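One structure, as structure tokens, below. Some questions next.
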Amino acid sequence: MKSIKFLSVAAISFVSACGGGTTSDTVSFQTLRQFSDGAGVGRGTNGQGAELYFIAPNIVADVAASNASGPVDPIDINDYPVTSQSAGYNIRQGVFEGAAVLVAERIGSGSAQLVYIFDNSFSAIAASVQSQPSNMPTGSHTYNGIYGVGLRDGTWAELGTAAMTANFTNGTFTLNASSTDTSLSGSGFIDVNNGRISGGTLAFTDVDLGSYTATTYGSIGGANGTEAAGVWHTNDNDSDFAGAYAVSR
């Protein structure tokens with residue numbers, strides 16, 4: 001099942017950041033939300049505290065099979081050539097198990113922050129941070145980076161830019177992201193104990209299909225909270241749109 005393989009592909013950011021990307025690593029997955037069509041949101045955490053958030057088409061089965069599959073073998077993102085650059089990220093593209101793969105790697109980081117995989121039957125997306133903060137920041141900080149958006153019942157997708165302001169004193173964040181045809185904005189909450197972020201009242205607008213509310217799940221990462229990443233989806237029954245973002249300071 002390609003969606004199971006997807007979770008292994010998305011975990012490249014874990015294994016490239018931990019142990020030099022040369023050894024297998026066990027990732028523990030859990031389901032965060034299931035849509036009425038069986039797709040949903042999941043989270044993966046490895047032994048070093050890196051976290052992966054993903055939206056996949058068969059979420060409960062994907063999570064169960066991935067937990068049963070054991071350690072994840074490392075995949076070298078250099079196997080995927082750079083085809084363009086956007087918002088400070090190398091955009092790498094290639095093929096994995098017959099499905100097209102797009103990887104967004106922050107220039108100079110050597111690891112993937114976003115992974116998108118798709119073929120004629122399914123699509124899935126993930127975003128990750130490389131570690132939980134050892135020292136949670138204080139005060140307010142601004143992050144900038146990349147934003148991805150796609151229509152869940154088709155192959156349309158595009159990239160844009162994202163900006164996040166995180167207030168660690170108040171435990172809140174604001175997110176503003178846009179692409180050629182869409183925008184995503186709003187505020188949510190930061191759990192300052194573990195760096196996880198969430199919000200269920202973001203505003204999403206598409207030039208053709210109009211306005212929605214949206215939900216995001218993600219995490220602050222990096223030794224001193226220098227990065228953040230997450231996935232998001234619109235709040236309609238089967239979530240017409242979904243995507244991800246990765247930002248740093």
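For clarity, every value in this text was computed on a predicted model and none was experimentally measured.
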Handout entry: Shared hydrophobic cluster for V231 and F118 (ILVMFWY, side-chain gaps under 4.5 Å)
Key = yes
Exercise for the section: Could you walk me through whether T234 and D236 pass side chain to side chain donor-acceptor pair (under 3.5 Å), step by step? Expected result: CA-CA 6 Å; T234 53; D236 49 311; 2.6 Å; yes
Exercise for the section: Would you check if the side chain of T205 reaches a backbone N or O of S183 as a donor-acceptor pair within less than 3.5 Å? Expected result: no
Fill in the blank from the handout: Interatomic distance, OG@S198 vs CD1@I190, rounded to 0.5 Å, equals 9.5 Å
Completion exercise
Heavy-atom nearest pair, Q93 first then T83, reads NE2-OG1, 3.0 Å
Problem - Test item: N176 and S185 side chains (from C-beta on) under 4.5 Å apart, heavy atoms - result: yes
Exercise for the section: Sort out for me which residue in T165, N167, T216 forms a side-chain contact (heavy atoms from CB on, under 4.5 Å) with F173. Expected result: T216
Handout entry: Pair T182, Y147: side-chain N/O donor-acceptor within cut-off below 3.5 Å
Key = yes
Practice task
Evaluate the side-chain contact (heavy atoms from CB on, under 4.5 Å) criterion for residues H233 and R33: first the C-alpha distance (whole Å), next the side-chain angles of each, then the deciding distance (0.1 Å), finally the verdict.
Solution key: CA-CA 11 Å; H233 61 82; R33 181 167 182 169; 3.5 Å; yes
Exercise for the section: Could you tell me the separation between the CG atom of D76 and the CG atom of N78, rounded to the nearest 0.5 Å? Expected result: 4.5 Å
Handout entry: Joint hydrophobic cluster, V129 plus I220, side-chain heavy atoms closer than 4.5 Å
Key = no
Practice task
Evaluate the side-chain contact (heavy atoms from CB on, under 4.5 Å) criterion for residues F54 and L32: first the C-alpha distance (whole Å), next the side-chain angles of each, then the deciding distance (0.1 Å), finally the verdict.
Solution key: CA-CA 10 Å; F54 56 94; L32 300 179; over 6 Å; no
Practice task
Look at the side chain of N170 and the backbone N and O of T172, then say whether any donor-acceptor pair between them is shorter than 3.5 Å.
Solution key: no
Problem - Single-linkage hydrophobic cluster V27~V60, side-chain heavy atoms < 4.5 angstrom - result: yes
Practice task
State whether the side chain of Q113 and the backbone N or O of R106 hold a donor-acceptor pair below 3.5 Å, judged by distance alone.
Solution key: yes
Problem - Min side-chain heavy-atom separation Y53-S128 under 4.5 Å - result: no
Practice task
Take L102 and V115 through the side-chain contact (heavy atoms from CB on, under 4.5 Å) test and state the conclusion after the steps.
Solution key: CA-CA 6 Å; L102 182 149; V115 179; over 6 Å; no
Exercise for the section: Determine whether the side chains of S36 and N237 contain a donor N or O and an acceptor N or O closer than 3.5 Å. Expected result: yes
Handout entry: Ring centres under 6.0 angstrom apart (W232, Y217)
Key = no
Exercise for the section: Might you point out which heavy atoms bring S179 and L159 nearest each other, and give the distance in Å? Expected result: CB-O, 3.8 Å
Practice task
Decide side-chain contact (heavy atoms from CB on, under 4.5 Å) for F168 and S140; before the verdict, give the C-alpha distance in whole Å, the side-chain angles of both, and the deciding distance to 0.1 Å.
Solution key: CA-CA 6 Å; F168 293 94; S140 182; over 6 Å; no
Problem - Rounded distance [0.5 Å steps], CD1 in I59 versus OG in S66 - result: 8.5 Å
Completion exercise
Rounded to the nearest 0.5 angstrom, the CD1-OG distance for I197 and S187 is 12.0 Å
Problem - Side-chain donor/acceptor of Q34 to backbone N/O of A39, under 3.5 Å - result: no
Problem - Single-linkage hydrophobic cluster, 4.5 Å side-chain cutoff, I55 and Y212 together - result: no
Problem - Any donor-acceptor pair under 3.5 Å from S109 side chain to S111 backbone - result: yes
Problem - E158 (side chain) donor-acceptor with D181 (main chain) under 3.5 angstrom - result: yes
Exercise for the section: Please round to the nearest 0.5 Å and tell me the distance separating atom CG of L52 and atom OG1 of T45. Expected result: 8.5 Å
Practice task
Indicate yes or no: at least one non-hydrogen side-chain atom of L202 is less than 4.5 angstrom from one of F204.
Solution key: no
Completion exercise
Note: A104 and I146 closest approach over all heavy atoms is CB-CD1, 4.2 Å
Problem - Donor-acceptor side-chain pairing of T215 and N235 below 3.5 angstrom - result: yes
Practice task
Please report the closest heavy-atom contact between A162 and L175, naming both atoms and the distance.
Solution key: CB-CD1, 4.5 Å
Practice task
May I ask whether I125 and V103 are part of the same hydrophobic cluster, defined by side-chain heavy atoms of I, L, V, M, F, W, Y residues being less than 4.5 angstrom apart, directly or through others?
Solution key: no
Exercise for the section: Assess the side chains of R249 and Y143: does a donor N or O sit below 3.5 Å from an acceptor N or O? Expected result: yes
Problem - Main-chain N/O of F241 paired to R152 side chain as donor or acceptor, under 3.5 Å - result: no
Problem - Over all atoms of both residues, closest heavy-atom pair of R92 and Y80 - result: NH1-O, 2.8 Å
Problem - Gap separating the CD atom of Q132 from the CZ atom of R196, nearest 0.5 angstrom - result: 6.0 Å
Handout entry: Heavy-atom donor-acceptor pair, N46 side chain to G49 backbone, under 3.5 Å
Key = yes
Handout entry: Closest contact, heavy atoms only, F35 versus D238
Key = CD1-O, 4.4 Å
